[in-house]
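As the structure is a computational prediction, the values presented were derived from the model and not from experiment.
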Amino acid sequence: VTISGRVTDSNGNAVSKGFVSATSQSITGAPNLQFTAVAQMDANGNYSMVVLSGTNYQLSFIPPTVTQ
């Protein structure tokens, strides 16, 4: 199964270099198993990750690191 999308800011501009994680505790055929996958966004804010078949995936945004 693939989860993909695009991350934008409140103005619709792409957010790049951050990460998106997907976590589920409802994996098909594997009770009591938690699965997490992480993908880095490209320059256009796009991400794609392969996950195990399941339901109730929760997506989390991890913003890019700001360096000074």
Side-chain donor-acceptor distances from residues 41-58 under 3.5 Å, at least two apart:
from, atom 1, to, atom 2, distance (Å)
D42, OD1, N44, N, 2.8
D42, OD1, G45, N, 3.1
D42, OD1, N46, N, 2.9
S53, OG, T28, OG1, 3.3
Y57, OH, L52, N, 3.4
Y57, OH, L52, O, 2.7

Review point. With sequence neighbours excluded, what pairs up with P63 under the side chain to side chain contact (heavy atoms under 4.5 Å, CB included) test?
Key: F61
Point to revise | For A14, all residues meeting side chain to side chain contact (heavy atoms under 4.5 Å, CB included), sequence neighbours excluded | key: R6
**Study point:** Set of residues satisfying side chain to side chain contact (heavy atoms under 4.5 Å, CB included) with respect to N32, sequence neighbours excluded
**Key:** none
Point to revise | Residue list, side chain to side chain donor-acceptor pair (under 3.5 Å) with T23, at least two apart or on another chain | key: T36
Check your understanding: Would F19 end up clustered with I3 when hydrophobic side chains under 4.5 Å apart are linked, directly or stepwise?
Key -> no
Review point. Mind checking whether V7 and I62 sit in one hydrophobic cluster, side chains of I, L, V, M, F, W, Y counted as touching below 4.5 Å?
Key: no
Review point. Taking all atoms of both residues into account, what is the closest heavy-atom pair of T8 and V15, and its distance?
Key: C-CG2, 3.8 Å
Exercise for review: Taking all non-hydrogen atoms of both residues into account, name the closest pair between I27 and L33 and its distance.
Suggested key: CG1-O, 3.7 Å
Exercise for review: Mind checking side chain to side chain donor-acceptor pair (under 3.5 Å) for Q40 and listing every partner two or more places apart, or none if nothing turns up?
Suggested key: none
